[in-house]
Asks: 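Below you will find the structure I want to go over with you.
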Amino acid sequence: MAARPDCILEGTIIRPKTVVTTAVAKGRVVSWNTSDSQCVHTAAAAAGDGIALEAGNVGDSIPVVPLAGNKGVVPVLVGTGGATRGQAAVVVADGVTNSGTLGAGTVLKNIVGYFTQSGVAGDWVGLALEKSASVSA
């Protein structure tokens, strides 16, 4: 477990988003909703749009770092499967985890970034932001 998750926000875009549908936990990947000003928790295996820097209940405005176009490192909650420094990260039901081997195959993997630290489920680690997609077996 990282003693303190990496967090480098200098030059990073941060946008306020209103939480809709269900509460959002700090460090979780979020998706934009029906409006550019709204966000919801990202479903497992889906392509997320940003990282929540704070927790929020429905109706709260929270700061979110968009995945696309950022070069920052943000703290994220590690989900089932763990985090390995240098590995690509994907969204799972309880956070973000290793993507597994990428390359040959037909299973879509929506990458939200690359881990800068290692950890197990429930830990907080740094994630270098990058939105992309790949496939695996």
Side-chain angles (χ1 to χ4, degrees):
M1 173 172 136
R4 179 177 298 151
D6 289 342
C7 186
I8 304 168
L9 296 176
E10 184 176 329
T12 300
I13 299 165
I14 300 172
R15 294 287 180 251
K17 300 290 179 181
T18 301
V19 177
V20 296
T21 311
T22 61
V24 169
K26 176 181 177 179
R28 290 294 303 267
V29 177
V30 296
S31 295
W32 307 151
N33 200 259
T34 56
S35 163
D36 288 341
S37 65
Q38 299 176 336
C39 69
V40 297
H41 268 293
T42 299
D49 294 306
I51 306 288
L53 293 180
E54 295 176 6
N57 293 313
V58 173
D60 289 348
S61 179
I62 61 171
V64 174
V65 177
L67 291 173
N70 266 301
K71 300 299 180 206
V73 175
V74 298
V76 294
L77 181 63
V78 178
T80 302
T84 304
R85 185 181 309 104
Q87 291 294 308
V90 296
V91 179
V92 291
D94 59 348
V96 184
T97 193
N98 293 325
S99 65
T101 303
L102 299 175
T106 58
V107 176
L108 175 64
K109 298 283 185 155
N110 289 298
I111 308 302
V112 295
Y114 290 83
F115 292 113
T116 63
Q117 298 168 295
S118 296
V120 298
D123 286 348
W124 289 86
V125 299
L127 181 77
L129 302 172
E130 181 176 320
K131 185 174 181 176
S132 63
S134 186
V135 293
S136 69

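What you see is a predicted model, and the numbers here were worked out from it, not measured in a lab.
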Asks: Over all heavy atoms of both residues, which pair between G79 and T97 is shortest? Give the atoms and the distance, please.
Replies: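 For G79 and T97, the tightest heavy-atom pair comes out as O-OG1, 4.0 Å.
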Asks: Quick one: which of V19, T34, V20 gives a side chain to side chain contact (heavy atoms under 4.5 Å, CB included) with V40?
Replies: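 Among V19, T34, V20, the one that satisfies the side chain to side chain contact (heavy atoms under 4.5 Å, CB included) with V40 is V20.
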Asks: So do L9 and V74 actually touch side chain to side chain, heavy atoms under 4.5 Å?
Replies: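 Result yes, sub-4.5 Å side-chain heavy-atom pair found.
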Asks: Could you check if a side-chain atom of W124 sits within less than 4.5 angstrom of a side-chain atom of L77, using non-hydrogen atoms only?
Replies: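 Contact flag for W124/L77 side chains = yes.
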Asks: Applying salt bridge (Lys or Arg N to Asp or Glu O under 4.0 Å), which residue pairs with at least one partner in residues 80-94 are found, sequence neighbours left out?
Replies: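 Checked against salt bridge (Lys or Arg N to Asp or Glu O under 4.0 Å) - neighbours excluded - no pair reaches residues 80-94.
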Asks: Between V125 and A83, which heavy-atom pair has the shortest distance, and what is it?
Replies: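 Residues V125 and A83, closest heavy atoms: CG2-CB, 4.1 Å.
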Asks: Taking all non-hydrogen atoms of both residues into account, name the closest pair between T42 and S31 and its distance.
Replies: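 Looking at all heavy atoms of both residues, the shortest contact is OG1-OG, 2.8 Å.
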Asks: Just distance, no hydrogens or angles: give the donor-acceptor pairs under 3.5 Å from side chains in residues 47-59, sequence neighbours left out.
Replies:
{"residue": "D49", "atom": "OD1", "partner": "K131", "partner atom": "NZ", "Å": "2.8"}
{"residue": "D49", "atom": "OD2", "partner": "W32", "partner atom": "N", "Å": "2.9"}

Asks: Any side-chain donor paired with an acceptor under 3.5 Å for S37 and T18?
Replies: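 Note: S37 and T18 side chains miss the donor-acceptor criterion.
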Asks: Taking all atoms of both residues into account, what is the closest heavy-atom pair of Q117 and D6, and its distance?
Replies: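 Closest heavy-atom pair between Q117 and D6: OE1-N, 2.8 Å.
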Asks: Closest approach of C39 and K17, non-hydrogen atoms and distance?
Replies: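 Scanning both residues, the minimum pair turns out to be SG-CB, 3.8 Å.
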Asks: When hydrophobic residues are tied together by side-chain contacts of less than 4.5 Å, even through go-betweens, does V29 share a cluster with V65?
Replies: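 Yes, V29 and V65 fall within the same hydrophobic cluster.
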Asks: Hydrophobic clusters here meaning ILVMFWY residues chained together by side-chain heavy-atom distances under 4.5 Å, can you tell me if L129 and V78 are in one?
Replies: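 In one cluster with L129: V78, yes.
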Asks: Closest heavy-atom contact between V24 and H41?
Replies: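 The answer is CA-NE2, 3.2 Å.
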Asks: What donor-acceptor contacts under 3.5 angstrom involve side-chain atoms of residues 101-115, with partners at least two apart or in another chain?
Replies:
{"residue": "K109", "atom": "NZ", "partner": "S99", "partner atom": "O", "Å": "3.0"}
{"residue": "N110", "atom": "ND2", "partner": "A45", "partner atom": "O", "Å": "3.1"}

Asks: Is the backbone of G126 close enough, under 3.5 Å, to the side chain of T116 for a donor and an acceptor to pair up by distance?
Replies: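 Yes: the side chain of T116 pairs with the backbone of G126.
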Asks: Find out if a path of hydrophobic residues (ILVMFWY) with successive side-chain heavy-atom gaps under 4.5 Å connects L67 to V91.
Replies: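 Yes.
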